[in-house]
Amino acid sequence: MNPIRLDGQSLTRERLVAVANGAPVELDPQALQAVQRAADFLAEQVRRQEPIYGVSTGFGSNADKLLGAHPLRDELPGATPSGRSLHEELQRNLIVTHAVCVGEPMAADVVRAMLCIRINTLLKGHSGIRVQTLQALAAMLNAGIVPVVPQLGSVGASGDLAPLSHLAIVLLGGGEAFFEGERLPGAEALRRAGLQPVSLSYKEGLALNNGTAQMLAMGVLALQRLELMLDTADLAAAMTIDAFAGRLGAFAPEVHALRPHPGQVRVAANLRGLLAGSTLADIAYPLVPRFRQWLPTSWDTADAQALRFDIGWDWVPADQRHGREKFYLRFLPFRGGKKHQPQDSYSLRCIPQVHGAVRDAAAQAARVLEIELNAVTDNPLVFPDKADATHVEEQVISAGHFHGMPLALALSYLKAAIPTLASISERRLNKLVDPATSDGLPAFLIGNEDGTESGHMIVQYTAAAIVNDLASRAHPASVFSVPTSANAEDHVSMGANEARHVLAMVEDLGKVLALELYTAAQALDLRRDMINAARALARRADAAALAAKVQGGPAAEAPGRERFLAEVEELRAQLAQADAFHPGTAVAAAHTRIRAPVPFLERDRALDGEVAAMVALVASGGLLPATTAGAPAPAG
C-alpha cells in the first residue's frame with residue numbers, strides 16, 4: 001500500500017480507512033517543524049519556571065499542585081539524591097495509571113485508526129510533543145504493532161483518556177500489543193519490531209492521551225460501513241419493489257422537487273436507476289395473477305407441471321361494476337395479485353423519505369467527523385508563535401477541545417437513524433411473507449403443496465429480533481453525563497460509548513438488510529415466474545384454457561358466459577403480446593449475484609448456511625458492483 005502523508009491539515013475519512021486497513025503513514029516535514037517549535041517553547045518555559053497546567057502542575061483535580069525541583073524525600077537528612085525527574089515522572093504516571101480499560105480488545109482497524117488520528121492531531125504543532133516522540137508513535141504504527149485497547153473505559157471527556165493511555169503505554173514499553181498475530185507484552189512487541197521504548201518529556205503524556213481519537217476512529221469506520229449499507233438498503237428496497245410489481249410514481253423527480261431534502265432526492269434517483277428497465281414495476285393490474293395451490297390438474301404441459309404453484313384471478317361480474325363503469329373501461333375486470341389502487345404501502349411508497357432521512361443523518365455525522373479529523377483535541381493548547389503575548393497563560397491556554405459532545409450528538413443522531421432503516425426493511429420483508437399483504441404471493445414464499453413447509457417464515461422472526469435489539473440500543477448515551485475526577489470533570493460526553501454502539505449497530509443493520517435481500521430474491525423469482533407462466537399459457541392456449549384459471553365466471557351455457565369469455569380473451573391477448581416480464585437491469589444483476597451462493601427455495605431445506613452467506617455478501621459490499629455494471633445512471 002502507498003503511504004498516507006499526515007500533516008495535521010488534510011486527513012480525510014478515506015485516508016483514515018486506508019490506514020486502518022494497513023496503509024503506512026509518513027510525516028510531513030513542514031508539519032514537524034511546527035511540532036518542534038511547540039516542544040522547544042515548552043522546554044524554555046520550564047527552564048523559566050513558568051507554571052503551566054499539565055507541565056509543571058498535576059492533572060484534573062490535582063491542577064493546583066505545582067511540581068518541585070526535586071522529590072520531597074530527597075530533602076530528608078542523609079538522603080541520597082534520587083535523580084528522579086518529576087516532569088518525566090508526571091507524564092509517565094499519567095499514562096500508566098490511566099490505562100485501566102476493561103473488556104474485549106478493540107479491533108485492529110479501530111486501534112490503527114486511533115493511532116493515525118492521534119499522530120495527525122499532534123502534527124498541528126499545538127500540543128508540545130517532541131518530534132522524536134511523534135516519530136516513534138508513527139514507527140510503532142508502521143511496524144504493525146497494535147496495542148491491546150479494551151473497549152470500555154472512556155467517558156468522552158477529557159477525551160478518550162483511558163483508551164489512549166493503552167495506546168501510549170506500549171510506546172513506553174508497557175501494556176500489551178498484538179504483533180504478527182501474537183499477543184505480547186508491549187516491551188516484547190517493540191523489541192521484535194526493532195523499536196525502543198520512549199521516555200516522555202514535558203506534556204507528552206497529556207498530548208498522547210488527551211483527545212477524541214477512539215470515538216472519532218469508531219465513528220469514521222462506522223460511517224464508512226453505514227454508507228455501504230445505505231446503498232445496500234436502496235438495492236434491497238428496489239428488489240422488493242420489483243417483487244411486488246410496485247408503483248413507481250412515488251419516486252418521480254417532479255414529486256421530490258417539491259420537498260427537496262438531499263437524501264430523499266438522492267434515494268428517489270437511486271430507485272429510478274435501480275429499477276430502470278423493469279417490466280414488473282407499474283405492470284397493468286389485471287396481468288398479475290395471484291398464487292394458488294399447485295394440484296396435479298393445475299397445468300397442461302410437462303414443463304408447466306414442474307412449477308411449484310398454480311395461478312388465478314377472480315372475475316368481476318357486470319352487476320358488480322355499477323358506479324365504476326369508467327374504471328372498467330380502462331382496466332379489465334379481473335382481480336389477481338395486485339389490487340386496483342394507485343399507491344403502495346408506506347414501507348414501499350415512503351422509501352425515499354425514510355432512507356433519505358437516514359442519509360441526511362449520515363451526512364451530518366460526516367460533516368462533524370471530517371472537521372474533527374484535522375482538529376486539535378488535547379489540553380492545554382500551545383501557541384508558540386503568538387508574538388504579542390505578555391504572559392505564558394496567553395500562549396498555553398486551557399480549553400475544552402477534548403470534550404466529545406460534537407461527535408457524541410452526531411453519533412446519537414446515527415443511533416436513532418439506524419433502527420429506522422432496519423425497521424422499514426423488516427416491514428418490507430414481512431409484507432413479502434404475509435399472504436395478506438404480499439399482493440398474491442404464496443404464504444412464506446413457498447408452494448407448500450403438501451402442507452409440510454415453512455419457507456421464509458422464521459427469516460422474518462430473526463429480522464424482527466434484530467430490529468427490536470437495535471431499537472433498545474438507540475437510547476442516546478450523550479444525554480446521561482456521569483461526572484469524573486472528583487467533579488473537576490463535571491460534565492462528560494459519553495461519545496466513546498455512542499461510537500462503540502454505532503459501530504456494532506451498523507453490523508446488525510447489515511444483517512437485517514441481508515435478510516430482506518434473501519427474501520426479496522425468493523419473492524422476485526415467484527412473481528416473475530407466476531406472471532410469465534400466465535404469459536406462456538396465454539401464448540399457447542385459447543381463452544377457454546385461461547378461463548379455467550379465473551374464478552367467478554359464468555358456467556358454460558349460463559347467461560353472461562359469452563361476455564366473460566370475450567373479456568378473458570382480452571386478458572389473454574394482452575399477456576400473449578407482452579415480452580417476457582423481468583426486473584430492472586440493476587436488480588436483475590444483484591439477483592444473479594445472490595443466486596450464485598443461494599439457489600431458489602423450491603422445497604424446505606436448511607437455511608442457516610444460506611443466511612450466513614447472505615450476511616457475509618452484504619457486509620462485504622459484494623452486491624453493489626453488480627448493480628452498477630451496465631446499469632443506467634440514476635437521472636435527476
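Remember, it's a predicted structure, so these values are computed and weren't measured experimentally.
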**Prompt:** If we ignore angles and hydrogens, is there a donor and acceptor under 3.5 Å between the side chains of Asp242 and His591?
**Reply:** no
**Salt-bridge criterion met for Glu227 and Arg13 (N-O under 4.0 Å)** = yes
**Prompt:** Can a salt bridge be assigned to the pair Arg527 and Asp439 using a cut-off of 4.0 Å between side-chain N and carboxylate O?
**Reply:** no
**Prompt:** Is any side-chain heavy atom of Ser478 closer than 4.5 Å to a side-chain heavy atom of Leu411?
**Reply:** no
**Prompt:** Got a donor-acceptor contact below 3.5 angstrom from the Arg247 side chain to the Gln343 backbone?
**Reply:** no
**Request:** Answer yes or no: is there a donor N or O on one side and an acceptor on the other, between the side chain of Arg349 and the main chain of Asp344, under 3.5 Å?
**Result:** yes
**Message:** Measuring only between side-chain heavy atoms, which start at C-beta, is Trp315 closer than 4.5 Å to Val568?
**Reply:** no
**Message:** If we ignore hydrogens and angles and just use 3.5 Å, is the side chain of Ser454 paired with the main-chain N or O of Met457 as donor and acceptor?
**Reply:** no
Distance-only donor-acceptor pairs under 3.5 Å for side chains of residues 460-468, two or more places apart:
unit_1: Gln460; atom_1: NE2; unit_2: Glu426; atom_2: OE2; d: 2.8
unit_1: Thr462; atom_1: OG1; unit_2: Ile458; atom_2: O; d: 3.4

**Item:** Any donor-acceptor N or O pair under 3.5 Å, side chains Asn497, Arg500
**Value:** yes
**Message:** Check the orientation of His456 and Tyr518. Use parallel for under 30°, tilted for 30 to 60°, and perpendicular for over 60°.
**Reply:** tilted
**Prompt:** Would you call the rings of Phe331 and Tyr285 parallel, tilted or perpendicular if under 30° counts as parallel and over 60° as perpendicular?
**Reply:** perpendicular
**Asked** Do Leu607 and Arg605 come close enough that some side-chain heavy atom pair is under 4.5 Å?
**Response** yes
Can you list, pair by pair, the side-chain donor-acceptor contacts under 3.5 Å of residues 302-309, counting residues two or more places apart and other chains?
unit_1: Gln305; atom_1: NE2; unit_2: Pro296; atom_2: O; d: 2.8
unit_1: Gln305; atom_1: NE2; unit_2: Trp299; atom_2: O; d: 3.0

**Asked** Any Lys/Arg nitrogen of Arg603 or Glu453 sitting under 4.0 Å from an Asp/Glu carboxylate oxygen of the other?
**Response** yes
What pairs of donor and acceptor atoms, side-chain ones from residues 548-559 against any protein atom, are under 3.5 angstrom apart with sequence neighbours left out?
unit_1: Lys549; atom_1: NZ; unit_2: Ser298; atom_2: O; d: 2.4
unit_1: Lys549; atom_1: NZ; unit_2: Asp310; atom_2: OD1; d: 2.6
unit_1: Gln551; atom_1: OE1; unit_2: Arg292; atom_2: NH2; d: 3.2

**Prompt:** Would you say Leu223 and Val220 make side-chain contact, with heavy atoms under 4.5 Å?
**Reply:** no
**Message:** With a 4.5 Å cut-off on side-chain heavy atoms, are Asn532 and Arg535 touching?
**Reply:** yes
**Message:** Does Arg528 qualify as a cation-pi partner of Phe581, given the criterion of NZ or CZ under 6.0 Å from the six-membered ring centre and within 45 degrees of its axis?
**Reply:** no
**Message:** Within the structure provided, determine whether Leu287 and Leu571 are in side-chain contact (heavy-atom separation under 4.5 Å).
**Reply:** yes
**Request:** Would you mind reporting whether Val316 and Arg335 have side-chain heavy atoms less than 4.5 Å apart?
**Result:** yes
**Asked** What do the steps show when you test Asp109 against Arg225 for salt bridge (charged side-chain N to carboxylate O under 4.0 Å, His left out), and what is the final call?
**Response** CA-CA 13 Å; Asp109 59 346; Arg225 295 167 195 176; 2.5 Å; yes
**Prompt:** Without hydrogens or angle criteria, can the side chains of Tyr413 and Gln364 be said to hold a donor-acceptor pair below 3.5 Å?
**Reply:** no
**Prompt:** Going by an N to O cut-off under 4.0 Å, is there a salt bridge joining Lys338 and Asp282?
**Reply:** no
**Request:** Run the salt-bridge test on Arg266 and Asp234 with the 4.0 Å N-O cut-off and return the result as yes or no.
**Result:** no
**Prompt:** Got Asp231 and Arg359 here, is their nearest side-chain heavy-atom distance under 4.5 Å?
**Reply:** yes
